[in-house]
Every structure is written in structure tokens, then in C-alpha cells.
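One structure is given below, encoded as C-alpha cells.
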Amino acid sequence: MSTTIWSMSVPDRENLIKAAIEAKEGSYSPYSKFRVGAALLAADGTIIKGANIENASYGGTICAERTAFVKAVSEGTKSFVALAVVTDVKSAISPCGICRQVIREFCAPDMPILLVPADYPQPPKDGSVADGIGGVKETSIGELLPDSFGPEDLELPRG
């Protein structure tokens with residue numbers, strides 16, 4: 001992943017990570033035992049939380065990231081400035097492919113996505129912040145889903 005300097009304030013970053021950790025507590029994951037929490041920072045400063053909700057019919061399962069987006073969009077919020085995702089794994093885990101496409105639908109390619117390890121905050125491994133502050137991997141949907149298809153592609157001329 002490329003090095004990027006985000007324009008998020010430290011308090012916004014910390015509040016977003018805290019909200020993702022809190023959201024994970026709402027996970028319903030009796031089958032996989034893989035809890036995920038996500039938190040979206042809307043352009044108006046609102047934080048929307050989501051957790052993964054599993055179903056015995058696996059196709060009915062919804063990821064934490066999509067839960068947060070569905071909650072936000074269904075209530076009229078469609079402008080976002082950051083996303084944080086956390087699991088119970090001690091390394092940063094990336095959103096699945098379906099979630100990446102949903103993120104792409106609503107977010108700018110360079111919007112910060114914070115992938116938070118379960119044991120956040122981690123001390124720097126080598127005294128630097130190369131691994132991200134507190135072990136957080138900072139990325140964007142442009143990095144996670146390069147050459148993606150988005151809403152603007154539907155407006156391209158047909159020939």
C-alpha cells in the first residue's frame with residue numbers, strides 16, 4: 001500500500017476507531033465466530049456503526065461494512081469522509097470483495113479506510129510509523145479496488 005497522509009484530525013481518527021471497536025460488540029456471528037465492526041464518518045461528522053450479522057442461510061449474511069452503509073444511506077446520509085474496520089484478529093483485515101464494491105459506490109477513491117488490528121493500539125515495530133499509527137493499516141478504496149466500476153461508468157457513451 002502506498003504511503004498517504006490523510007487530512008483526518010487525530011480526534012476524528014480516534015473516535016472512528018473507538019466506534020468500530022464498539023460496533024464489533026453488536027456482531028451476531030454464531031457460525032463463523034468472526035466478529036467484525038465498522039464505523040463510517042459522514043461528512044457532517046456523524047459516525048454510523050455496523051456489525052456483521054450472520055444467518056444460517058449463509059447468503060443472508062451481511063458484513064459490518066455493508067451494515068453501516070445500509071443504515072446510513074437508508075437514513076439519507078450518502079457523503080462519507082472515512083471508514084474504520086476492526087475484527088478480533090491481531091492484524092489488520094481488509095473488507096471483502098462485495099463490501100469493496102459497496103464502498104466504491106458511495107466513497108471517493110482516495111477516502112481513508114482504516115484497517116484496525118484487534119490489539120489496537122500496537123507499539124511501533126521498529127520505532128517508526130511505517131506500519132501505521134498503532135498498527136492501523138491506512139488505505140483507500142482506490143488502492144483496494146483498482147480499475148473499479150462505479151456509478152459514473154453507467155453514464156459512458158455506448159457505441
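By convention here, the first residue in the shown sequence is residue 1.
- Proximity of C63 to P95: side-chain heavy atoms (C-beta onward) are nowhere separated by under 4.5 Å.
- Taking the six-membered ring for Trp and thresholds of 30 and 60 degrees, F69 and F106 have nearly parallel ring planes, at less than 30 degrees apart.
- Residues R66 and C99 meet the side-chain proximity criterion, which asks for heavy atoms closer than 4.5 Å.
- Taken to the nearest 0.5 Å, the CG atom of L41 stands 5.5 Å off from the CD1 atom of I47.
- Closest approach of V36 and A64 over heavy atoms only: O-CB, 3.4 Å.
- With Q101 contributing its side chain and F149 its backbone, the two residues share a donor-acceptor pair below 3.5 Å.
- Remark: side-chain polar atoms of E54 are paired, donor with acceptor, to backbone N or O of S32 under 3.5 angstrom.
- Two residues are said to be in side-chain contact when any heavy atoms from C-beta on lie closer than 4.5 Å; V89 and F34 meet this criterion.
- In summary, E138 and R13 engage in a salt bridge, as defined by a charged side-chain N under 4.0 Å from a carboxylate O.
- Remark: R35 pairs with E25, D88 by the salt bridge (charged side-chain N to carboxylate O under 4.0 Å, His left out) rule, at least two apart or across chains.
- With sequence neighbours excluded, the residues satisfying side-chain contact (heavy atoms from CB on, under 4.5 Å) with K78 are V73.
- Criterion: ILVMFWY side-chain heavy atoms under 4.5 Å apart, direct or through other members. Under it, V10 and V116 are not part of a common hydrophobic cluster.
- At least one side-chain heavy atom of V85 sits under 4.5 Å from a side-chain heavy atom of L83.
- Every residue two or more places apart in sequence or in another chain that forms a side-chain contact (heavy atoms from CB on, under 4.5 Å) with S148 is listed here: R104, L145.
- Of all non-hydrogen atoms in T87 and K24, the two that sit nearest each other are O-NZ, 3.3 Å.
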Carefully, step by step, assess T61 and I53 under the rule side-chain contact (heavy atoms from CB on, under 4.5 Å). CA-CA 6 Å; T61 294; I53 308 298; over 6 Å; no

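- Side-chain contact between I103 and I113 is present, with at least one heavy-atom pair separated by less than 4.5 Å.
- Taking CG from L40 and CD1 from I48, the interatomic distance works out to 5.5 Å, rounded to the nearest 0.5 Å.
- Two residues are said to be in side-chain contact when any heavy atoms from C-beta on lie closer than 4.5 Å; C107 and F80 meet this criterion.
- Here M111 contributes atom CE and M8 contributes atom CE; the two are 9.5 Å apart, rounded to the nearest 0.5 Å.
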Yes or no on side-chain contact (heavy atoms from CB on, under 4.5 Å) for E65 and V102, after CA distance, side-chain angles and deciding distance? CA-CA 9 Å; E65 300 91 329; V102 171; over 6 Å; no

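- Proximity of a side-chain donor or acceptor of S140 to a complementary backbone N or O of E143 within less than 3.5 Å is detected.
- Shortest non-hydrogen contact noted between P117 and G135 is CD-O, 3.4 Å.
- S27 and N52 share a side-chain donor-acceptor pair at under 3.5 Å.
- Counting heavy atoms from C-beta outward, K137 and L114 have side chains that stay 4.5 Å or more apart.
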List the atom pairs, donor and acceptor, that lie under 3.5 Å between side-chain atoms in residues 15-23 and the rest of the protein, sequence neighbours left out.
from : atom 1 : to  : atom 2 : distance (Å)
N15  : ND2    : P11 : O      : 3.2
E22  : OE1    : K49 : NZ     : 3.1

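- Between V81 and A42, the shortest heavy-atom contact is CG2-O, 3.9 Å.
- Applying the ring pair (Phe, Tyr, Trp, His ring centres under 6.0 Å) criterion to Y120, with sequence neighbours excluded, gives no partner residue.
- Residues satisfying the side-chain hydrogen bond (donor to acceptor under 3.5 Å, both in side chains) test with T46, not counting sequence neighbours, are D44.
- The side-chain heavy atoms of S94 and L144, taken from C-beta on, include a pair separated by under 4.5 Å.
- When atom types are taken as modelled, the side chain of R158 and the backbone of L156 share a donor-acceptor pair closer than 3.5 angstrom.
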